[in-house]
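Side chains included, hydrogens not; waters and symmetry mates left out as well; all remaining heavy atoms used. Lettering follows sequence order; numbering is per chain, from 1.
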Protein chains: 4
Amino acid sequence: MTQRKTRTTKADATRRQLLDAALAVIAERGYAEATVDRIVEVAGVSKGVAYYHFPSKAAIAESILVDGIGDLIVSFERVAAEAVSATAALTAMIELFAAVIFENAAFGRFFVAELWRPGRAWSAVMRGYEQRLLALLQAQLVRGQREGTVRPELDAAFESVALVGMVLTTTLYYIGEEGEAHGTLDERRQLFIARIVDFVHHANASAGMRAG
Amino acid sequence: MTQRKTRTTKADATRRQLLDAALAVIAERGYAEATVDRIVEVAGVSKGVAYYHFPSKAAIAESILVDGIGDLIVSFERVAAEAVSATAALTAMIELFAAVIFENAAFGRFFVAELWRPGRAWSAVMRGYEQRLLALLQAQLVRGQREGTVRPELDAAFESVALVGMVLTTTLYYIGEEGEAHGTLDERRQLFIARIVDFVHHANASAGMRAG
Amino acid sequence: MTQRKTRTTKADATRRQLLDAALAVIAERGYAEATVDRIVEVAGVSKGVAYYHFPSKAAIAESILVDGIGDLIVSFERVAAEAVSATAALTAMIELFAAVIFENAAFGRFFVAELWRPGRAWSAVMRGYEQRLLALLQAQLVRGQREGTVRPELDAAFESVALVGMVLTTTLYYIGEEGEAHGTLDERRQLFIARIVDFVHHANASAGMRAG
Amino acid sequence: MTQRKTRTTKADATRRQLLDAALAVIAERGYAEATVDRIVEVAGVSKGVAYYHFPSKAAIAESILVDGIGDLIVSFERVAAEAVSATAALTAMIELFAAVIFENAAFGRFFVAELWRPGRAWSAVMRGYEQRLLALLQAQLVRGQREGTVRPELDAAFESVALVGMVLTTTLYYIGEEGEAHGTLDERRQLFIARIVDFVHHANASAGMRAG
DNA sequence: GATGAATGAGCCTTCATTCAT
DNA sequence: AATGAATGAAGGCTCATTCAT
């Protein structure tokens, strides 16, 4: 039992090393230019293990995406369950989303690049996860319309996509801007997230709400 | 003289065939999976000519991006020169941008994928073009703030990126949605563009403006 | 003592499972495409045990061949000791040989493929077994010549090879023919073996013998 | 025109070099152990050309088999058309077959190994060629039965397979035997082929014929 | 005895680029 | 200008074998 656990733990550790290394390598130049050779080099393991733990390079990459989106989905679901209003939920989700991308730029870049890559070949699992993430945002937009805080004429499906796209692109742009920094990293992060939340708020809020 | 013209024309035609073919091939599976073999096959020319007209595969791709963004810049500049107000200019730019992407999804996809690809290797020329495009949007946002139609607390640099990201991602998402179509393609396009313009308007407009 | 026996028995069982699994896997696509992973999977044991019981993949395969040919040799020797005439012995040997291959097509295929594979790397042991098998046939051909039932001008060495090749190839061809079956499997088998025996008889028998 | 021809000729020469080299390499250790690296090394060309002229390693190998069997088929067809009797045709075919394998042992070995390899993956084209070769032998056996020179009880389908198997295996065995040579190579070859023809003759001929 | 994670050499294949004609 | 054969550096992946536990 102990042995089994130990083994499992060790194997899991190797798996994790591979995923971390893969994300780092993919973040450098994108999925296409990431080589398995480089990934295992960064992970500090031999080439064979990569194929012992994953069936292909694509599977490694997809595992990263699925894990990342999965975590977001879990967080979004908790927010949806706990938030007292659609406005609170949307604000929390956007904040969370931006914070995650901000803190894990490597994942953010990979996510953006693959989300809209022409002919991307990720599996149905992956597409399902994307849909669930969008659906969670969409549900809160609809809820907001019921609650009178989101403009009724707004198309929730369109809007959820716009939000994801906007958050991802601005965050990456922000991270990319290096040099002309004012304030500490944390301050800048706070300011940036506030800006996104404000943008979303104005874009979606109904007049009455905004006035409030 | 006639011959010179003929030659130039013919060379231009070949160049154009190559660019069109390259865009079509890249749109299928992305830049990395596009092969020169496939491009020349689609273009109906031999492999040698591709390297006669362009120094490399990357140069072909970059030429597509530069041409596309260049056209947008020219259009944006004309809009900026002619628009009677920042609001009119921004509306026209967003409409134009969405329409171009909508009509040339292949270009749109390529643009999105490369704009935020980690470690993308396009030249300084390319980056300069991107900056000019963003700067034209930014200028109108600033002008709007002067004119009192854009919220003064808004960060124009942030905002211009958000606009580009939002337009690109929603457009591609929309194009991807096939099947559940209501109305003709043109009607849907009109509706879609109206939605984007509306979104932008609400996100940016100052309260007084919106009330108006 | 009991434990020793148990151990031996268990070890033998594992060994047998591995050999059976290996033969099954090899029969699917040949030795080269058989993988140790697949063999242990079919055998239902871990990878480590395979290398505990055998020094290499080649050793497993060779063990199959040696065991199979060894059994044939033992049978041939018994036939040689008991047969009242060369004709009876040859008939019995050919019948036996064809029956064995017919009933164990997997072994037959493997045997054929490896017997004439260019540069096959089996050990001296293996080659020795082949020679012994051929020698037993050859001995009966020579005996037949002494007894006047086998044509005297016939080259026994050549003939023994021809017999083995002919039996193997026709049997495999027969097994491969599926669909157009007449009669039960057993009937077809009987008919087929009779045909081989007849062929051999005519090819080798001296005129006087045949007339008789 | 001249240029086209020159190019074609040169490309064909390269193709031929590859095929010859591949056959030589495959003859050494079999298809599975033949590497493309070794083939191009022997051919004296770069690795890329192999894949410029053939889609895969398997395609190279199959091309060899198809070409070789194709030549045999053409020869067999000529024999069938010209022979005055089934006996003459069969004798000529067997002689021809044995001579071809004798002179091109590399091809013979490859042919034998692949003809009965379990799960061999060659295309339908290849299987079709095999059938045509057997059919040509079979046709002469049937013709011989009509002409009264081949035993009527004999199964032509079975017999054709037996002939091919027997010729291939004995020839390769013969070639393999090195050292204990009597007479010149050509004398031994003559003797060997005579032996095969004699074997076939006895195995198939009806009593009356043999007496004649 | 047994397990299964890890190793690493080597394989087939792809593809941007060059160059003789 | 144009062709297409040729190049060669990688890249993804396989698999027999080893070894710590």
Side-chain angles (χ1 to χ4, degrees), chain A residues 2-4 6-15 18 32-40 43-60, chain B residues 7 10-11 14 32-40 45-60, chain C residues 7 10-11 14 32-40 45-60, chain D residues 2-4 6-15 18 32-40 43-60:
Chain A
T2 302
Q3 199 183 23
R4 162 56 60 96
T6 304
R7 275 201 186 152
T8 302
T9 303
K10 177 130 184 273
D12 281 354
T14 303
R15 206 186 129 91
L18 279 166
E33 292 188 35
T35 71
V36 175
D37 271 301
R38 180 106 180 87
I39 291 171
V40 298
V45 296
S46 74
K47 204 166 182 177
V49 267
Y51 287 90
Y52 182 79
H53 288 282
F54 299 93
S56 66
K57 174 188 161 187
I60 299 178
Chain B
R7 269 191 193 166
K10 189 159 175 229
T14 304
E33 292 189 35
T35 70
V36 175
D37 270 298
R38 178 105 180 90
I39 291 170
V40 297
V45 300
S46 77
K47 210 165 181 177
V49 290
Y51 283 86
Y52 179 79
H53 287 282
F54 297 93
S56 68
K57 175 188 162 185
I60 299 177
Chain C
R7 270 192 190 161
K10 189 160 174 228
T14 304
E33 291 189 36
T35 70
V36 175
D37 271 298
R38 178 109 180 87
I39 291 171
V40 297
V45 299
S46 77
K47 211 164 178 178
V49 292
Y51 282 88
Y52 179 80
H53 287 282
F54 297 93
S56 68
K57 174 188 162 185
I60 300 177
Chain D
T2 302
Q3 199 183 19
R4 162 56 62 95
T6 304
R7 274 200 187 155
T8 303
T9 303
K10 178 130 183 273
D12 282 353
T14 304
R15 204 186 130 91
L18 279 166
E33 292 189 35
T35 71
V36 176
D37 270 300
R38 179 104 181 89
I39 292 171
V40 297
V45 297
S46 75
K47 205 164 182 178
V49 269
Y51 288 88
Y52 183 79
H53 289 281
F54 298 93
S56 66
K57 174 188 161 186
I60 299 177

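The interatomic distance linking Tyr52(C) (OH) with dA20(F) (P) rounds to 18 Å, in whole Å. Rounded to whole angstrom, the span from the CG atom of Leu18(D) across to the C1' atom of dT7(F) amounts to 13 Å. Per the geometry, CZ belonging to Arg15(D) stands 12 Å off P belonging to dA6(F), to the nearest Å. Atom CZ of Arg38(C) and atom C1' of dA16(F) are 17 Å apart (whole Å). The CD-P distance, from Glu33(A) to dC15(E), rounds to 14 Å in whole Å. Atom-to-atom, NZ of Lys57(B) to C1' of dT14(E) comes out at 11 Å; the value is rounded to the nearest Å. One can place CG of Asp37(A) at 14 Å from C1' of dT7(E), the figure rounded to the nearest angstrom. Between Phe54(B) atom CZ and dA2(F) atom P there is a gap of 13 Å when expressed in whole angstrom units.
For dC11(E), the paired nucleotide is dG12(F), the pair qualifying as Watson-Crick or G-U wobble because both relevant distances are below 3.5 Å. The nucleotide dA20(F) finds its pairing partner in dT3(E), both defining distances of the Watson-Crick or G-U wobble pair being shorter than 3.5 Å.
At least one donor-acceptor pair under 3.5 Å links the side chain of Lys57(A) to the backbone N or O of Ala34(A).
Residue contacts shown for Lys47(D) include a base, since a base heavy atom lies under 4.0 Å away. Ala34(D) comes within contact range of the sugar-phosphate backbone alone, with a heavy-atom separation under 4.0 Å but no base atom that close. Backbone-only contact: Val36(A) has heavy atoms under 4.0 Å from sugar-phosphate atoms and none from a base.
Rounded to the nearest 0.5 angstrom, His53(A) NE2 and Leu18(A) CG are separated by 6.5 Å. Separating the CD1 atom in Ile60(C) from the CD1 atom in Ile39(C) is a distance of 5.0 Å, to the nearest 0.5 Å.
At dA6(F), one or more side-chain N or O atoms of His53(D) fall inside 4.0 Å of OP1 or OP2 (strictly under the cut-off). One finds a side-chain N or O of Tyr51(D) lying less than 4.0 angstrom from the OP1 or OP2 phosphate oxygen of dT13(E). Dashed line: the shortest gap from a side-chain N or O of Thr35(A) to OP1 or OP2 of dA10(F) is not under 4.0 Å.
In the set dA6(F), dA16(E), dA6(E), dA6(F) carries the atom at the smallest distance from any side-chain atom of Thr14(D). Distance from the side chain of Ser46(A) is smallest to dA6(E) among dA6(E), dC12(E), dA1(F).
Remark: of the listed residues Thr35(B), Val36(B), Val40(B), Thr35(B) is the sole one forming a side-chain contact (heavy atoms from CB on, under 4.5 Å) with Arg38(B).
Along DNA chain E, the nucleotide nearest to Val45(A) and the one nearest to Val45(C) differ in position, and the one closer to the 5' end is contacted by Val45(C). Closest-nucleotide positions on DNA chain F for Gly48(D) and Val49(B) were compared, and the one nearer the 5' end corresponds to Val49(B). Checking Pro55(D) against Ser56(B), the closest nucleotide of DNA chain E that is more toward the 5' end is the one next to Pro55(D).
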